[in-house]
There are 2 protein chains.
Amino acid sequence: MLISTRGRYGLRSLVDLVINAGDNPIPLREIAERQGISESYLEQVFAILRKAGLITAVRGSYGGYTLARPASEITIKEILSALEGSLVPVDCVTNEQNSQCRRKNSCITHSFWKELDVKISELLSSTTLQDLVNKNENRL
Amino acid sequence: MLISTRGRYGLRSLVDLVINAGDNPIPLREIAERQGISESYLEQVFAILRKAGLITAVRGSYGGYTLARPASEITIKEILSALEGSLVPVDCVTNEQNSQCRRKNSCITHSFWKELDVKISELLSSTTLQDLVNKNENRL
DNA sequence: TATTAATCCTACTATTTTACTCGGTTTAGA
DNA sequence: TCTAAACCGAGTAAAATAGTAGGATTAATA
């Protein structure tokens with residue numbers, strides 16, 4: 001599995017956030033209710049998104065969350081990378097030094113994994129949060 | 001991570017099997033040595049590949065493994081599907097009844113996951129084991 | 001026929017990841 | 001001051017991962 005519940009919950013919740021956005025920030029409780037996700041689990045997901053600079057929090061009563069940037073400027077890749085840590089299909093194609101495989105240059109399969117990684121990255125980085133919302137609106 | 005060591009070991013070992021194929025079946029010990037993989041772990045990997053009908057075993061002394069079909073007729077998707085069980089990026093796009101999500105039709109993100117799944121499938125099913133071997137030979 | 005080298009099979013295990021829950025602290029509007 | 005929100009850290013049960021271990025079966029060969 002490339003994407004865990006953390007990534008799926010996060011993406012669904014951000015789409016929810018865009019669709020239900022108004023003048024005020026949206027409390028997590030509402031998103032959790034609408035999406036049928038445990039609020040305390042979603043808290044942790046949103047903490048990651050906030051630290052990644054994708055959402056902004058307003059604390060205190062009548063607080064909640066808003067997107068830090070327009071939905072059209074946030075790619076799915078940014079969202080999922082933050083939540084999943086890494087999106088590489090196999091460890092050996094990561095850029096991190098310590099997990100790069102020693103066989104990298106001689107490994108026959110390495111270039112194939114790289115090719116797969118590029119294909120996945122292309123789709124994820126060419127799709128924005130707004131694209132997802134639009135796609136949904138067209139369906140209605 | 002989409003692909004675990006089981007999938008990576010399996011694919012690398014099959015490439016090894018093709019490259020080193022001769023008149024006789026190749027014993028697992030040799031592959032494990034060349035690839036630097038624990039032989040007893042690789043046993044389990046090869047058991048899966050055999051049950052999936054991708055390789056044929058010859059038991060007893062001077063035994064070993066051969067491909068069940070020509071490398072050009074075995075896709076990477078077949079290999080990895082067997083080893084990983086499923087290759088879907090998220091559970092909700094699987095065809096199995098019990099893990100299909102209830103929100104399937106209303107879920108905004110579902111069609112995106114499906115799109116990702118198709119992209120990955122396209123590459124994996126259009127590449128054969130022979131393609132990987134050829135790619136390597138061209139590099140030399 | 002005994003030896004040997006291979007596949008085959010089952011069970012166990014340590015570690016890591018996942019998907020949470022829980023209890024409390026801080027913040028800020030009414 | 002009350003309340004509703006974000007924030008924080010610790011704990012935890014279950015599953016997946018990546019193996020190890022020990023033996024049973026099979027078949028070629030000396």
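Chain naming here is simple, since letters A, B, ... match the order of the sequence lines and numbering starts at 1 in each.
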Measure the spacing between CZ of A/F46 and OG of A/S13 and express it to the nearest 0.5 Å. 4.5 Å
Please state whether the phosphate of D/dA21, meaning OP1 or OP2, lies under 4.0 angstrom from any side-chain nitrogen or oxygen of B/S40. no
If only side-chain N and O atoms of B/Y41 are considered, is one of them under 4.0 Å from the OP1 or OP2 phosphate oxygen of D/dA21? no
Within the 3.5 Å criterion, strictly below it, is a donor on A/E84 or A/S4 matched to an acceptor on the partner's side chain? yes
Kindly indicate whether the side chain of B/R8, heavy atoms from C-beta on, has any atom under 4.5 Å from the side chain of B/T5. yes
Taking C-beta and beyond as the side chain, do A/F112 and B/L124 meet within less than 4.5 Å on heavy atoms? yes
Within this structure, what is the CD1-to-C1' distance between B/I55 and C/dC8, rounded to whole angstrom? 12 Å
Please give, in whole Å, the distance from D/dA16 C1' to B/L83 CG? 16 Å
Answer yes if B/I19 and B/I37 sit in the same cluster of Ile, Leu, Val, Met, Phe, Trp and Tyr residues linked by side chain heavy atoms under 4.5 Å apart, and no otherwise. yes
Applying a strict under-4.5 Å side-chain criterion to I, L, V, M, F, W and Y, I'd like to know whether A/Y65 and A/V133 cluster together. yes
Would you mind reporting whether A/L129 and A/L67 have side-chain heavy atoms less than 4.5 Å apart? yes
Test side chain to side chain contact (heavy atoms under 4.5 Å, CB included) on B/T127 and B/L123 and set out the steps. CA-CA 6 Å; B/T127 309; B/L123 177 62; 3.8 Å; yes
Find the distance A/L2:CG to C/dT17:P and express it as a whole number of Å. 16 Å
Would you please confirm or rule out a distance under 4.0 Å between OP1 or OP2 of C/dT18 and any side-chain N or O of A/Y9? no
In whole angstrom, give the distance that lies between atom OH of A/Y65 and atom P of D/dA4. 17 Å
Contact residues, residues 14-30 of chain B to DNA chain C [heavy atom, < 4.0 Å]: B/P27, B/L28, B/R29
Please determine if a side-chain N or O atom of B/T5 lies less than 4.0 Å away from the OP1 or OP2 oxygen of D/dA18. yes
With no hydrogens and no angle check, do the side chains of A/K135 and B/S111 hold a donor and an acceptor under 3.5 Å apart? no
Any side-chain N or O of A/R50 under 4.0 Å from OP1/OP2 of D/dA6? no
Return the 5'-most residue of the pair A/E39, B/A57 with respect to DNA chain C, ranking by each residue's nearest nucleotide. B/A57
Just the rounded figure in Å: distance from P of C/dT10 to CD of B/E43. 13 Å
Interatomic distance, B/M1 CE vs C/dT17 P [rounded to whole Å]: 10 Å
Got a list of protein N/O to nucleotides 26-30 of chain D N/O distances below 3.5 Å?
from: D/dT26; atom 1: O2; to: B/G60; atom 2: N; distance (Å): 3.4

Can you find an N or O donor on one side and an acceptor on the other, under 3.5 Å apart, linking the side chain of A/Q44 with the base of C/dT21? yes
A/T75: side-chain hydrogen bond (donor to acceptor under 3.5 Å, both in side chains) partners, not counting sequence neighbours: none
Under 4.0 Å between a side-chain N or O of B/S38 and OP1 or OP2 of D/dG19? no
B/L42 CG to C/dC8 C1': how many Å, rounded? 14 Å
Below 4.0 Å: OP1/OP2 of D/dT17 and any side-chain N or O of B/R8: no
Picking from C/dC9, C/dT18, D/dC8, the nucleotide nearest the side-chain atoms of A/R6 would be C/dT18
Separation of C/dT17 P from A/D91 CG (nearest whole Å): 10 Å
Touch class at under 4.0 angstrom, heavy-atom based, for A/F46 against every strand present: nothing
